[in-house]
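Each ligand, and each atom within it, is numbered from 1 in the order the structure gives.
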Amino acid sequence: MSGHYTERRTDSVETTERKKIVFSAIQPTGTPTIGNFVGAIRNMVAMQDDYTCFYAAADLHSITVDRVPAEFRKNVTEMVALLLACGIDPEKSTFFVQSHVSAHAELTWLLNCNTMFGEAKRMTQFKDKSKKHPENVNVGLFDYPVLMAADILLYRADYVPVGIDQMQHVELARNIAERFNNKYSPTFTVPEGVLPKFGAKVQSLADPTVKMSKSDDNPNGYVLMLDDADTIRRKFKRAVTDSGDEIAARADKPGIGNLLSIYAAFTGRTVEAAEKECAGLGYGDFKLRVADAVIAGLEPIQARFADYMRNKDYLTEQMQRGAEAAAHAARKTLEKVYRKMGFIRL
Ligand code: TYM
């Protein structure tokens with residue numbers, strides 16, 4: 001699975017001291033889309049071979065929007081099973097559920113008092129979500145990026161594989177880390193966001209000018225990782241394309257460009273190679289070719305997912321094991337932060 005992310009330059013002095021650390025997380029608010037997969041999950045899987053990785057199902061982030069408790073519980077279990085099915089390997093990485101490690105909530109409070117209201121207010125996702133749900137603009141929604149900074153900084157992560165939409169939050173985590181380090185002395189590693197080579201922003205199939213998102217009101221805009229083959233084919237058939245008949249990734253062809261980058265991501269080709277290969281196909285045939293590549297990529301994951309879901313004891317065991325390892329690593333950083341800030345520790 002290597003080659004999805006741009007290789008990082010490694011500093012020879014530092015690597016002799018410690019292997020670089022990676023952190024990333026996904027919200028269990030429902031089945032992830034192929035945007036989540038291409039934008040983040042695949043890089044998370046690929047990076048396991050080269051780095052010390054910590055990965056979480058970010059359940060604390062999920063409660064910033066309304067949810068039914070029983071469904072929420074099911075979503076977290078499914079997210080754990082799905083990430084294992086995608087290749088997050090508990091033998092290689094520490095994989096856990098965020099709320100099982102209380103240090104995340106604790107560090108959030110400490111960082112809240114080192115984060116400026118003005119900088120949190122600038123977060124575009126907060127502005128967008130407040131507009132979308134004016135009836136539920138809760139303080140948690142506002143504080144969400146600080147919790148995300150706590151996630152990253154607790155594990156002293158060097159790299160954070162994400163899609164473009166989360167880059168602004170990673171920037172905020174960098175600012176918070178730098179401010180804390182300057183105020184108290186070097187404590188946190190200043191993290192760097194890592195984007196995939198293709199698919200850092202997969203767009204909606206129904207409107208290629210907006211991000212593919214499972215919270216889209218129009219289900220034809222997104223493909224979920226557990227959609228069956230017929231549904232995937234139907235959604236791609238309906239995908240909005242552009243005028244003309246050329247298959248090219250150009251600014252005036254956002255629909256075709258989006259389909260090309262999905263095709264490239266699922267076949268391991270570059271966008272240029274995908275363009276060449278598909279040149280001459282009619283739009284209808286091109287869309288079916290993309291659908292087939294997505295179906296072929298998702299099928300083995302869906303089969304493994306079904307296996308994991310039949311083995312809930314195994315999932316619980318993995319959650320337990322991951323939580324213990326993560327809590328151990330997180331506690332070390334948290335204690336350091338408490339001490340530097342002047343708290344009395346027993
Ligand atoms: P979430 O759950 O919305 O998305 C998970 C990951 O998928 C990426 N992504 C996309 N990439 C490409 N195209 C798209 N259309 C697309 N949609 C989503 C996101 O950029 C993300 O990488 N707050 C985070 C979860 C989180 C986190 C963290 C991430 C919590 N703590 C610490 C990194 C580090 C979120 O809601 O992502």
Side-chain angles (χ1 to χ4, degrees), residues 4-5 21-45 47 53-65 75-76 78-79 82-83 86 88 96-99 101 104-105 107-108 111 123-126 128-129 140-141 143-174 176-177 191-216 221-225 258 261-262 264-266 326 330:
H4 295 306
Y5 57 92
I21 296 171
V22 170
F23 182 91
S24 198
I26 302 203
Q27 275 196 72
T29 34
T31 309
T33 67
I34 56 169
N36 297 127
F37 180 61
V38 166
I41 299 174
R42 280 199 336 166
N43 263 352
M44 291 162 66
V45 172
M47 292 178 99
C53 299
F54 293 87
Y55 294 135
D59 57 346
L60 293 172
H61 279 99
S62 299
I63 64 166
T64 54
V65 292
N75 283 341
V76 176
E78 286 189 356
M79 180 58 83
L82 190 58
L83 288 175
C86 287
I88 300 294
F96 64 102
V97 176
Q98 186 189 31
S99 67
V101 180
H104 291 248
L107 184 62
T108 301
L111 295 184
M123 296 295 111
T124 53
Q125 205 167 74
F126 169 69
D128 292 348
K129 286 193 180 171
L141 192 65
D143 201 26
Y144 170 119
V146 184
L147 174 58
M148 194 167 146
D151 295 345
I152 298 167
L153 300 182
L154 271 177
Y155 301 94
R156 300 184 300 143
D158 300 276
Y159 303 129
V160 185
V162 284
I164 282 179
D165 65 317
Q166 292 299 328
M167 272 306 222
Q168 195 187 25
H169 294 160
V170 178
E171 280 300 315
L172 180 70
R174 289 173 64 87
I176 295 173
E192 198 185 308
V194 177
L195 295 175
K197 282 183 190 159
F198 305 109
K201 191 175 182 204
V202 175
Q203 305 289 62
S204 158
L205 297 186
D207 176 0
T209 62
V210 302
K211 184 186 81 165
M212 180 181 286
S213 163
K214 58 183 168 252
S215 59
D216 193 336
Y222 52 78
V223 174
L224 299 177
M225 290 190 67
N258 188 38
S261 67
I262 294 172
F266 272 88

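- Contact check for Thr31 versus Lys214: no side-chain heavy atoms found under the 4.5 Å cut-off.
- Looking at Ala58 against ligand 1, only its side chain comes within 4.0 Å, counting heavy atoms.
- Residue-level proximity to ligand 1 for Ile152 is carried by the side chain, the only part with a heavy atom below 4.0 angstrom.
- Of the protein's non-hydrogen atoms, the one nearest atom 27 (C) of ligand 1 is Ala25 O, 3.6 Å.
- Among Asp165, Val170, Val38, the residue whose heavy atom lies nearest to atom 19 (C) of ligand 1 is Asp165.
- Shown are Asp59, Thr29, Val97, Ile26; of these, the side-chain contact (heavy atoms from CB on, under 4.5 Å) with Met79 is made only by Ile26.
- Distances between N or O atoms of Gly35 and those of ligand 1 include at least one value under 3.5 Å.
- Ring geometry, His104 versus Tyr155: the interplanar angle falls from 30° to 60°, so the pair is classed tilted.
- Among Asn258, Leu60, Val162, Ile34, the residue whose heavy atom sits closest to atom 33 (C) of ligand 1 is Val162.
- Looking at Ser213 against ligand 1, nothing comes within 4.0 Å, counting heavy atoms.
- If you check which protein heavy atom lies closest to atom 2 (O) of ligand 1, you get Gln27 N, 2.9 Å.
- Note: Phe126 and His169 fail the aromatic proximity criterion, with ring centroids not under 6.0 Å apart.
- Distances between N or O atoms of His169 and those of ligand 1 include no value under 3.5 Å.
- When the options Ser261, Gly39, Ala40, Ala56 are ranked by their closest heavy atom to atom 6 (C) of ligand 1, first place goes to Ala40.
- You'll find the side chain of Asn258 reaches within 4.5 Å of the side chain of Leu205, heavy atoms only.
- Considering Val202, Val22, Asn36 only, the shortest heavy-atom separation from atom 9 (N) of ligand 1 involves Asn36.
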